[in-house]
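Data block below; observations after.
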Amino acid sequence: MMPERLSAEDCRDRFVLIVGEVNTGKTKLTGKILESFVLRYAEDVAVLDLAPRLPHTSSHPAFRPDIGGRLIVPKSAFVHYFAPDLAAPRLLAASMQQRWELAEENAERIDTLFAHMAKAHIPHVFVNDVSLYLQARPVEKLMEWLSGFSTRVVNGYYGYSLGVDAFSLKERLRMEQLMRRCDRLVRF
């Protein structure tokens, strides 16, 4: 299901959150909004792409080779793209302990980028796959960082296909907390 079309004007100076299951079009919609935004406004935009590197194979029952993906970023002097090297905890970990450790390592890398990006004073931000951050960090920490931007277009996984264990449920709960704080929610 494709949600209603969002324009750059619909998203400007708002917190727009796009959520849904894997492979439903969240990243594609975020990319289209980004492209529209860059064409409409000649202003700096930070793009934080948190899509993890994926294994070629995984024993996880929901694994598919086409799961997840990076944003397609328009070529523009106004776009500042950041893509840390992150792991996919559910797909790579051999144990629950290792899953939590990978999530913590990811969050530490993202926190470093948050600090760097905050110093850049860029007015608008687009974030791909924010749920990866919420696997190890509370919503309040994310909201504190997001508050430094006037426009926030963010997407993240919100579903059951990747599991219902304690790890997945914590991520889901935090995504629900984030959903209650956005100006506009788009569900796939």
Side-chain angles (χ1 to χ4, degrees), residues 17-32 34 46-73 79-118 125-146 152-179 181-182 186-188:
L17 181 61
I18 303 163
V19 301
E21 267 291 353
V22 295
N23 287 354
T24 53
K26 299 178 300 295
T27 300
K28 187 174 186 176
L29 177 60
T30 304
K32 286 181 179 183
L34 174 62
V47 176
L48 180 55
D49 202 334
L50 302 179
R53 61 183 150 77
L54 298 174
H56 297 290
T57 62
S58 172
S59 60
H60 193 284
F63 176 77
R64 294 187 309 254
D66 62 345
I67 195 171
R70 297 269 177 163
L71 275 170
I72 296 174
V73 179
V79 174
H80 306 273
Y81 183 72
F82 303 89
D85 184 25
L86 303 174
R90 278 184 285 254
L91 301 178
L92 292 171
S95 68
M96 187 59 75
Q97 178 63 32
Q98 187 180 25
R99 190 181 292 183
W100 289 110
E101 290 168 2
L102 287 172
E104 180 59 32
E105 289 171 16
N106 285 342
E108 288 173 5
R109 286 187 182 108
I110 297 166
D111 282 336
T112 299
L113 261 179
F114 280 2
H116 174 74
M117 291 172 73
V125 69
F126 284 68
V127 182
N128 184 38
D129 211 353
V130 76
S131 47
L132 206 76
Y133 183 69
L134 296 177
Q135 291 171 353
R137 293 292 186 267
V139 171
E140 293 75 22
K141 190 161 175 91
L142 175 65
M143 290 303 298
E144 180 182 324
W145 178 73
L146 285 173
R152 297 147 297 170
V153 178
V154 179
N155 74 47
Y157 167 72
Y158 181 70
Y160 290 105
S161 66
L162 295 178
V164 292
D165 54 32
F167 184 88
S168 297
L169 291 176
K170 180 176 253 185
E171 174 190 58
R172 184 176 178 80
L173 173 66
R174 288 177 174 171
M175 283 300 292
E176 289 170 352
Q177 292 170 350
L178 191 62
M179 290 160 64
R181 296 178 183 188
C182 67
V186 178
R187 288 179 185 247
F188 277 88

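Basis for what follows: all heavy atoms, side chains included, without hydrogens, waters or symmetry-related copies.
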Salt bridge (Lys or Arg N to Asp or Glu O under 4.0 Å) pairs touching residues 158-172, sequence neighbours excluded, are Arg90-Glu171, Arg99-Asp165, Arg172-Glu176
Any side-chain heavy-atom pair of [X] and [Y] under 4.5 Å:
| X | Y | value |
| --- | --- | --- |
| Leu17 | Met179 | yes |
| Leu48 | Pro84 | yes |
| Leu71 | Thr30 | yes |
| Pro52 | Asn106 | no |
| Leu134 | Leu178 | yes |
| Met175 | Val130 | yes |

Sorted by chain and residue number, the salt bridge (charged side-chain N to carboxylate O under 4.0 Å, His left out) partners of Glu104 (sequence neighbours excluded) come out as Arg137
Those residues at least two apart in sequence (or on a different chain) that pass salt bridge (charged side-chain N to carboxylate O under 4.0 Å, His left out) with Glu140 are Arg181
Supply the atom-to-atom distance [X] [atom1] to [Y] [atom2], rounded to the nearest 0.5 angstrom.
| X | Y | atom1 | atom2 | result |
| --- | --- | --- | --- | --- |
| Tyr157 | Thr24 | OH | OG1 | 10.0 Å |
| Leu34 | Thr27 | CG | OG1 | 12.0 Å |
| Ile110 | Lys141 | CD1 | NZ | 11.5 Å |
| His116 | His80 | NE2 | NE2 | 10.0 Å |

Legend entry - Side-chain (Asn155) to main-chain (Asp129) donor-acceptor, under 3.5 angstrom: yes
Contact summary for [X] and [Y], nearest pair of heavy atoms:
| X | Y | answer |
| --- | --- | --- |
| Ala136 | Ala103 | CB-O, 3.5 Å |
| Leu50 | Leu86 | O-CD1, 3.5 Å |
| Ala51 | Gly69 | CB-O, 3.3 Å |
| Gly163 | Ser168 | O-CB, 3.3 Å |

> Would one find more than 12 heavy atoms of other residues, nucleotides or ligands at under 6.0 Å from atom CD of Glu144?
Replying inline: no
Q: May I ask you to check whether over 12 heavy atoms, not counting those of Ile72, lie within 6.0 Å of atom CD1?
A: no
Quick one: side-chain hydrogen bond (donor to acceptor under 3.5 Å, both in side chains) partners of [X], sequence neighbours excluded?
| X | answer |
| --- | --- |
| Glu21 | Ser161 |
| Glu101 | Gln97 |
| Tyr133 | Asp111 |

- [ ] Could you label the plane-to-plane angle of the Trp145 and Phe114 rings as parallel, tilted or perpendicular, counting under 30° as parallel and over 60° as perpendicular?
- [x] parallel
Residues at least two apart in sequence or cross-chain that pass ring pair (Phe, Tyr, Trp, His ring centres under 6.0 Å) with Phe167, listed by chain then number, are Trp100
Residues passing the ring pair (Phe, Tyr, Trp, His ring centres under 6.0 Å) test with Phe126, sequence neighbours excluded, are Phe37
For this session: Check step by step if side-chain contact (heavy atoms from CB on, under 4.5 Å) holds for Met117 and Val125.
Result: CA-CA 10 Å; Met117 291 172 73; Val125 69; 4.3 Å; yes
Residues at least two apart in sequence or cross-chain that pass side-chain contact (heavy atoms from CB on, under 4.5 Å) with Ala83, listed by chain then number, are Asp49, Arg70, Tyr81
